[in-house]
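Read the structure below first, then the notes.
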Amino acid sequence: MVNLTIDLGRGLVLRNPVMTASGTFGYGEEYTDFVDLSQLGGIIVKGTTLHPREGNPYPRMAETPSGMLNCVGLQNKGVQYFIDTIYPRIKGFDTNVLLNLSGSCLEDYVRGAEMVDVLDKIPAIELNVSCPNVKQGGMAFGVTTTGISQVVSEVRMVYHKHLMVKLSPNVTNIAEIALAAEASGADSVSLINTLMGMAIDAERRKPRLSVITGGLSGACVKPVALRMVWQVAKAVKIPVVGLGGISNATDAVEFMLAGASAIEIGTANFIDPAVSMKVAEGMKAYCERHGFQKVTDLIGALDC
Amino acid sequence: MKKITDFELIEKEDFGNAVMLRLRSPEPLPDIDPGQFAQVQVNDSPATYLRRPISIHDVDFDRREISLLIQKVGEGTRHLAALECGSTVNMVYPLGHGYSAPDAKERVLLVGGGVGIAPLYYLAKRMSQLGMKPALLLCGKTKADLPRLEEYQKVGDVFVTTEDGSCGEKGITTAHSLWKEQQVDRICVCGPKRMMHAVADIAKERGIECEVSLENLMACGLGACLCCVEDTVDGNVCVCKEGPVFNIRRLKW
């Protein structure tokens with residue numbers, strides 16, 4: 001019997017290392033025909049901002065080799081709507097429900113975190129300081145050590161549960177950013193958010209996305225994500241949550257070996273809506289096959 | 001209930017620009033409404049990372065079969081068209097909201113352009129099973145764009161226009177004589193956006209109920225990623241979940 005439990009600290013305990021990434025799994029409800037949510041470590045629901053946002057105009061998506069670009073732009077109905085309308089529907093889910101919280105200014109992050117802090121069934125927030133598709137703020141906080149220190153320490157003062165900080169790969173030295181998040185009170189870091197990219201329709205001589213650039217995700221980003229998880233895991237003491245192109249259990253195990261304590265599945269949910277559950281089963285099978293009693297033995301177990 | 005199922009390709013009919021795939025499920029089919037679609041996985045095509053949303057052309061619940069009429073537009077659909085009988089085709093289905101169920105007293109006109117005729121077959125078949133006989137206006141650039149016309153004739157009164165005059169009246173959709181001669185209470189449209197706009201304009205002018213099927217680029221097909229949004233009177237909504245069929249009153253057309 002393999003022990004799959006992962007304790008990420010400050011009350012966030014996962015049944016297994018598999019979570020679903022924000023923006024790829026809706027509020028969980030969209031996937032209940034395909035996935036038994038009680039078989040997952042957690043779900044991270046759609047990026048939410050203090051005030052409602054309409055997001056960017058259509059088109060918001062472009063398919064790329066082994067991946068896709070998106071520029072959704074954080075379309076959501078705001079924190080208060082989440083609390084009043086969505087939270088009552090999903091608080092009974094038998095898994096950890098994390099809220100991905102984003103903002104365009106410091107005050108919005110702080111106020112949003114305060115409002116979510118009192119929700120019993122939300123054991124953690126994933127602070128999104130790395131959305132590449134929002135004009136003001138968003139990624140601006142996540143690309144400098146001073147920016148990330150400021151937003152994480154301010155949110156830390158009002159948020160008492162597990163604070164996960166989602167990092168942008170669009171930086172020169174991601175380990176420095178992770179260290180700044182850790183020093184400012186983050187309980188864990190998750191990485192990577194999408195890579196800034198662009199697609200062009202040569203026939204029409206037009207960009208394929210409404211706002212020209214977007215975030216690249218899917219299998220194509222996995223080597224970049226794996227490298228960054230490895231660099232960050234060596235630098236920080238807090239747990240690292242790995243994501244970026246994970247499509248199967250082997251990919252997930254690779255992230256654990258690189259130093260991740262848990263993983264998130266993103267774009268792969270679009271290709272196989274049941275993939276998250278299969279990854280959880282596959283990780284267990286890997287541990288059995290290799291004689292690991294507990295999944296935590298995989299963390300950073302890269303032989304090099 | 002939505003399902004994810006490995007279907008077996010049991011019959012394929014090639015129409016040049018389009019292909020019809022008849023697919024059999026190993027398990028009973030769930031309820032499927034006309035206008036709903038499937039997210040079809042394309043294997044062994046490196047350029048096709050995401051599933052392809054394809055409208056449901058026909059359903060045979062007794063035989064557990066779904067038919068798709070697919071236009072060969074890009075790498076993904078060409079890959080599907082090249083599949084051999086016996087191949088496995090994975091589908092997530094049935095997705096989205098289809099056409100509203102018409103009232104038995106209504107005079108209904110179904111308007112299809114190009115491969116947009118695909119979902120109208122299942123819609124007309126369901127109506128004919130209820131004892132209705134819808135009028136179908138099927139439009140293409142040329143006769144080759146309109147496969148299976150004889151099947152459509154079994155489920156409704158078929159009118160045809162082609163831009164080159166190779167079949168039916170010569171001209172575009174809105175130029176057909178039936179717009180002058182026929183009185184209708186409801187129009188269900190699927191086709192190129194410009195054609196749907198033109199039909200919607202007529203419907204608005206005459207105060208006729210009108211539903212159109214949109215095909216915005218989508219990723220998840222489940223309302224999770226928010227990529228396929230249409231700007232409506234209610235703001236940005238997912239075409240995959242709240243559509244693909246919309247009453248034109250809800251659109252900013």
Side-chain angles (χ1 to χ4, degrees), chain A residues 20-35 43 45-47 52-77 133 208-210 214 216-220 245 247 266-275 277-278, chain B residues 1-6 30-31 38-53 73-77 79 90-96 193 214-243 251-252:
Chain A
T20 54
S22 176
T24 66
F25 208 68
Y27 294 100
E29 299 167 305
E30 293 84 349
Y31 284 82
T32 49
D33 282 350
F34 311 106
V35 178
I43 64 171
V45 302
K46 175 70 192 157
R53 289 181 55 92
E54 269 299 307
N56 290 321
Y58 179 85
R60 294 174 168 184
M61 190 276 282
E63 192 175 31
T64 59
S66 297
M68 62 176 277
L69 288 158
N70 88 80
C71 63
V72 171
L74 290 172
Q75 178 182 332
N76 78 97
K77 292 184 175 172
N133 298 324
R208 288 194 190 273
L209 297 174
S210 63
L216 182 67
S217 65
C220 60
S247 309
T267 306
N269 290 309
F270 304 158
I271 293 141
D272 178 1
V275 69
M277 220 164 56
K278 292 179 191 166
Chain B
M1 170 137 179
K2 301 180 197 87
K3 291 195 168 211
I4 176 165
T5 304
D6 278 334
D31 286 340
Q39 279 274 60
V40 185
Q41 189 152 32
V42 182
N43 294 320
D44 309 317
S45 167
T48 313
Y49 186 60
L50 300 165
R51 287 173 182 263
R52 290 294 178 267
V73 280
E75 171 117 3
T77 47
H79 237 82
N90 184 274
M91 299 203 286
V92 179
Y93 80 105
L95 302 176
K193 209 158 194 175
L214 305 184
E215 52 170 8
N216 295 8
L217 281 173
M218 56 182 72
C220 72
L222 302 169
C225 70
L226 311 186
C227 286
C228 64
V229 292
E230 178 73 15
D231 185 19
T232 70
V233 295
D234 307 312
N236 284 327
V237 303
C238 285
V239 166
C240 68
K241 190 178 177 184
E242 304 205 24
L251 302 174
K252 290 182 173 170

* Asked: What are the two closest non-hydrogen atoms of A:Thr64 and B:Tyr49, and how far apart are they?
  -> O-CB, 4.2 Å

* Step-by-step salt bridge (Lys or Arg N to Asp or Glu O under 4.0 Å) determination, A:Glu63 to B:Arg52 -> CA-CA 11 Å; A:Glu63 192 175 31; B:Arg52 290 294 178 267; 2.6 Å; yes

* Measure B:Lys3 against the heavy atoms of chain A and call it side chain, backbone, both or neither at under 4.5 Å. => backbone

* Inter-residue atom distance A:Asp272.CG - B:Arg51.CZ, 0.5 Å rounding -> 6.5 Å

* Do the non-hydrogen side-chain atoms of B:Leu217 and A:Tyr58 ever get within less than 4.5 Å of each other? -> yes

* How far does CG of B:Asn216 sit from CE of A:Met61, to the nearest 0.5 angstrom? -> 10.0 Å

* Which of A:Gly218, A:Gly67, A:Pro59 touches chain B most, by non-hydrogen pairs under 4.5 Å -> A:Gly67

* A:Ala62 portion near chain B, given a 4.5 angstrom heavy-atom threshold -> neither

* Between A:Tyr31 and chain B, which part of the residue has a heavy atom less than 4.5 Å away: side chain, backbone, both or neither? -> side chain

* Structure fact -> So CE of B:Met1 and CZ of A:Phe34: to nearest 0.5 Å the spacing works out to 8.0 Å

* Structure fact -> chain B shares the most heavy-atom pairs under 4.5 Å, among A:Ala274, A:Pro65, A:Ala219, with A:Ala219

* Asked: Any side-chain heavy atom of A:Pro273 sitting closer than 4.5 Å to one from B:Leu222?
  -> yes

* Asked: At a heavy-atom separation under 4.5 Å, does B:Ala47 approach chain A through its side chain, its backbone, both, or neither?
  -> backbone

* Asked: If you draw a 6.0 Å radius around CG in B:Asp234, do more than 12 non-hydrogen atoms from other residues or ligands fall strictly inside?
  -> yes

* Asked: Any residues in residues 223-233 of chain B near chain A, with a heavy-atom distance under 4.5 Å, and which are they?
  -> B:Gly223, B:Ala224, B:Cys225, B:Leu226, B:Cys227, B:Cys228, B:Val229

* Asked: Just how far is it from atom CD of A:Gln75 to atom SG of B:Cys238, taken to the nearest 0.5 Å?
  -> 6.5 Å

* If you count heavy-atom pairs under 4.5 Å between each of B:Leu50, B:Ile4, B:Thr48 and chain A, which one has the most? -> B:Leu50

* Asked: Is B:Asn236 close to A:Arg60 at the side-chain level, that is, under 4.5 Å between some pair of heavy atoms?
  -> yes

